[in-house]
Asks: 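Just passing along the structure, written as C-alpha cells.
Given the structure is predicted, the values throughout are model-derived calculations rather than measurements. Quick note: numbers below take in every heavy atom, side chains included, and nothing from hydrogens, waters or symmetry partners. We're numbering straight along the sequence, starting at 1.
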Amino acid sequence: QHQALLAFSITTLLLTACGGGNSSEAAPQSKPPSITASIVDHDQNFSWELNENINIKLLDQNNQPVAIKSCKTDDVVRLTIAENCTNLTVHRLGGTAITVTGANDLTTKLTINGVPTSSPLQLSASGTNPFHQVVTADRKILAWGDNSSGLLANRYPLSHGLIQYPQTIIKDHNANPLTDIYQVVSSFWTSYALNSKGQVYGWGRVYDAGSVDLVSLPTLVNDNSGRQPLKNIVRLAISGSIEDAAGGVLGITDEGKLMQMGFSHRSQPTGLVLDDRGAELTNIRAIALTSNVAYAVNVQGQVYRWKLNPFTSRDFTMVKDLDGNLITGVTKIVTRGDHTLALTKQGQVYVWDTISSFHLADQRFDDTHYSMEISDKIRSGEHQLTQPVQYQGQALSNIKDIGVTFTNSYAVSQSGQVYVWGQDNKGLLGQGIDDSNRNGTKKPILVIDENKQDSLSNVIAITTANDAVLALKQDGT
C-alpha cells in the first residue's frame with residue numbers, strides 16, 4: 001500500500017513538471033478558417049449604370065492576404081459583376097450582396113450600394129434668371145445668383161436679390177445643410193435636388209396639380225399617390241421655360257422608366273411618361289428637355305423625341321439618320337431651343353436643328369456639315385442626325401462630355417480640353433474677349449485658360465445655360 005502511494009506521488013510530480021497536470025496556462029486555440037472582403041480605394045457606393053472598376057482585398061482569419069478565386073452576385077437584376085471581380089455595374093439603388101470566393105474555397109459576403117449617377121455642376125436652365133449651383137465634394141449644394149424666385153432656399157426667399165459669390169449652402173427645414181446630394185437642377189424659378197436614395201427635393205415656385213406654390217425650403221416631392229416621397233430616381237432633367245412647362249422635370253427611375261413631375265398642367269401629373277399608344281418608355285439611360293421638346297435615350301442609344309405641349313398629341317418619334325435609319329450608340333444628349341448635340345459611345349459628337357434655328361446652325365457649324373440634302377431635310381422640320389462635327393478636317397473624336405447654349409456648342413475631350421464653336425457674344429467662345437459684333441467661328445476651337453497662355457485643361461465635366469458655362473477641373477476648381 002505504501003509502495004502504491006509512493007508510485008502515485010512520483011507519477012503526479014512528473015506529469016506536473018512536464019505541463020500535463022492542472023497547469024494554470026491553457027493551450028493556445030487556433031482560429032477557425034475564415035475570410036473577410038473589403039474594397040480598396042473606393043467606398044461601397046457605385047453609380048447607377050456606370051461600369052466601374054473594383055479592387056477587392058481578401059484577408060484570412062490571421063489577417064493574411066488570400067488570392068481571389070471568383071465573385072458572383074446574389075441578384076442579377078440589381079447588379080452585374082465580372083467573375084474575376086475586376087468591374088461591376090449596379091442596376092438598382094440600395095444595397096446588393098455579392099459572394100466572394102477565395103483561393104482556399106472559403107466564401108464571404110460584401111454589400112455594394114447603388115446610388116444615382118453624380119452630376120456636380122448646374123446652371124439655371126433659363127439664362128434670363130441666372131442662378132448657379134454646384135454639388136460639393138461632401139455632397140452639399142453651394143449656390144449663388146438671382147434669388148428673386150427663392151432659389152437660395154432661405155426662410156425669406158424674396159428678401160435677398162443677387163448673391164454674387166458662391167457663399168450660400170442650401171439648407172433644409174431644420175436649418176441644416178442639405179446633404180447626400182448627387183445632382184441639382186434649376187429652371188427659371190424652380191430647383192430640384194436628388195439624394196443617394198433617389199428621393200427628390202423641390203423648392204422655389206413649385207407646381208402641384210395645376211397651381212403654383214412658393215416653397216421656400218427644400219421639400220420632398222411625393223409620388224403620384226401624394227402620400228409617399230418619390231424614390232428610386234437616378235437622373236433629373238429640367239425645362240427652362242417660363243411658360244407652360246415651367247419647372248417641369250423628367251426623372252429616370254432605376255428600372256429605366258421615365259417619371260414626370262412639376263409640370264404646370266393637370267394633364268401632366270406626377271407619374272410615368274407614356275407614349276401616344278399609352279405604353280411606358282423603358283430602358284431609358286439619358287434625358288434632356290427644353291421648353292417644348294423632350295428627348296430620351298434608351299439602352300441601345302436610340303433617341304425618342306416628343307412634344308411637351310399638354311394640349312396636343314405628344315407626337316412621339318424616333319430620331320433617324322439621313323438614310324431614314326434609327327440612330328444608335330448615343331450616350332448623352334443636350335438641347336437648348338432647337339439646337340441639340342448628341343454624344344456617342346465612340347466619343348463622336350452629332351448635331352441637329354429644326355428650321356427655326358437653321359440660320360443659326362449655318363453660322364455655328366462648318367458649311368461642310370450641311371449638304372443640300374441635309375439642308376432640305378432640316379428645312380422640312382424633321383430632326384435629323386447630321387454628319388459628325390469636324391475638327392481640322394476630321395471627325396471630332398475622343399469626347400467625354402458636351403454642352404450647348406442658345407448660340408454655341410461645347411465638347412470636352414478625354415484629355416480634358418474644351419472645344420467650342422459658335423458666336424462670341426458675352427464671351428461664350430472663352431477666348432478672353434466679348435465680341436459685341438457677335439462674330440464667331442464655324443469650326444471648333446479650343447477654349448483658353450484664365451491666363452490667356454494655354455488651352456483650358458484637365459476639365460472633367462461641363463454644364464451650360466442660355467448664355468453661361470461652367471467647367472469643372474480635375475482638382476475640384
Side-chain angles (χ1 to χ4, degrees), residues 43 45 47 93 113 115-206 213-222 229-231 233-238 240 247 249 251 261-262 403 459-465 468-477:
D43 58 24
N45 294 335
S47 300
L93 299 190
N113 194 40
V115 295
T117 305
S118 182
S119 181
L121 302 176
Q122 178 60 40
L123 286 161
S124 170
S126 175
T128 57
N129 188 28
F131 184 72
H132 309 335
Q133 297 177 102
V134 296
V135 177
T136 61
D138 57 355
R139 302 216 170 275
K140 299 175 184 177
I141 303 173
L142 188 63
W144 68 104
D146 189 338
N147 191 39
S148 59
S149 296
L151 296 184
L152 291 182
N154 52 54
R155 293 185 183 276
Y156 305 98
L158 305 183
S159 63
H160 297 85
L162 183 67
I163 305 300
Q164 187 172 0
Y165 299 104
Q167 60 186 3
T168 300
I169 295 291
I170 301 298
K171 297 181 179 180
D172 62 19
H173 285 262
N174 297 316
N176 296 318
L178 206 61
T179 59
D180 198 27
I181 300 300
Y182 278 75
Q183 186 187 8
V184 59
V185 296
S186 298
S187 70
F188 181 79
W189 50 29
T190 313
S191 283
Y192 291 89
L194 179 65
N195 69 15
S196 67
K197 298 177 182 178
Q199 297 172 320
V200 180
Y201 293 93
W203 65 98
R205 299 181 184 272
V206 178
D213 293 315
L214 184 60
V215 179
S216 60
L217 293 169
T219 302
L220 284 172
V221 175
N222 285 335
L230 194 65
K231 61 182 181 179
I233 301 297
V234 291
R235 295 289 293 165
L236 296 173
I238 196 166
V249 171
M261 65 199 93
V459 172
I460 60 174
I462 195 168
T463 189
T464 53
V469 185
L470 286 179
L472 177 64
K473 297 185 69 171
Q474 194 168 17
D475 63 0
T477 53

Asks: Taking all non-hydrogen atoms of both residues into account, name the closest pair between K231 and K197 and its distance.
Replies: CB-O, 4.4 Å

Asks: Under the side chain to side chain contact (heavy atoms under 4.5 Å, CB included) criterion, do T117 and V234 qualify, and how do the steps go?
Replies: CA-CA 6 Å; T117 305; V234 291; 5.6 Å; no

Asks: Can you list everything that forms a salt bridge (charged side-chain N to carboxylate O under 4.0 Å, His left out) with D475? Sequence neighbours excluded, please.
Replies: none

Asks: As an exercise, state the distance from CD of Q199 to CG of L194, rounded to the nearest 0.5 Å.
Replies: 9.5 Å

Asks: Just how far is it from atom CG of D180 to atom CZ of R139, taken to the nearest 0.5 Å?
Replies: 8.0 Å

Asks: Look up atom CD1 in I460 and atom CG in L472, then write down how far apart they are to the nearest 0.5 Å.
Replies: 4.0 Å

Asks: To check you understand the geometry: which heavy-atom pair defines the closest contact between I181 and V135, and what is its length?
Replies: O-CG1, 3.3 Å

Asks: Does A237 have any side-chain contact (heavy atoms from CB on, under 4.5 Å) partners at least two apart in sequence or in another chain, and if so, which?
Replies: I287, L289

Asks: Do side-chain atoms of D172 reach the backbone of N174 as a donor and acceptor pair under 3.5 angstrom?
Replies: yes

Asks: Can you sort out the partners of N45 under side chain to side chain donor-acceptor pair (under 3.5 Å), two or more places apart, ordered by chain and number?
Replies: N113

Asks: Just to verify, what does L142 make a side-chain contact (heavy atoms from CB on, under 4.5 Å) with, not counting sequence neighbours?
Replies: V134, T136, P166, I169

Asks: List the atom of V221, the atom of G202, and the distance in Å for their closest heavy-atom pair.
Replies: CG2-N, 4.1 Å

Asks: Measure across Q133 and S191 and return the closest heavy-atom pair with its distance rounded to 0.1 Å.
Replies: NE2-OG, 3.3 Å

Asks: Going from CD1 on I233 to OH on Y192, what distance comes out if it is rounded to the nearest 0.5 angstrom?
Replies: 12.0 Å

Asks: Minimum heavy-atom separation for P116 and S196, please, with both atom names.
Replies: CD-O, 3.3 Å

Asks: Quickly, which of L236, N222, N195 forms a side-chain contact (heavy atoms from CB on, under 4.5 Å) with V200? Name it, please.
Replies: L236

Asks: Residues in salt bridge (charged side-chain N to carboxylate O under 4.0 Å, His left out) with K140, at least two apart?
Replies: D138

Asks: Let me see the working for Q183 and R235 under side chain to side chain contact (heavy atoms under 4.5 Å, CB included), right down to the final yes or no.
Replies: CA-CA 8 Å; Q183 186 187 8; R235 295 289 293 165; 3.9 Å; yes

Asks: Does Y201 form a side chain to side chain contact (heavy atoms under 4.5 Å, CB included) with I170? I'd like the steps, not just the answer.
Replies: CA-CA 11 Å; Y201 293 93; I170 301 298; over 6 Å; no

Asks: What verdict does the side chain to side chain contact (heavy atoms under 4.5 Å, CB included) test give for H173 and T219, after you've listed the backbone C-alpha separation in whole Å, the side-chain angles of each residue and the deciding distance to 0.1 Å?
Replies: CA-CA 8 Å; H173 285 262; T219 302; 3.2 Å; yes

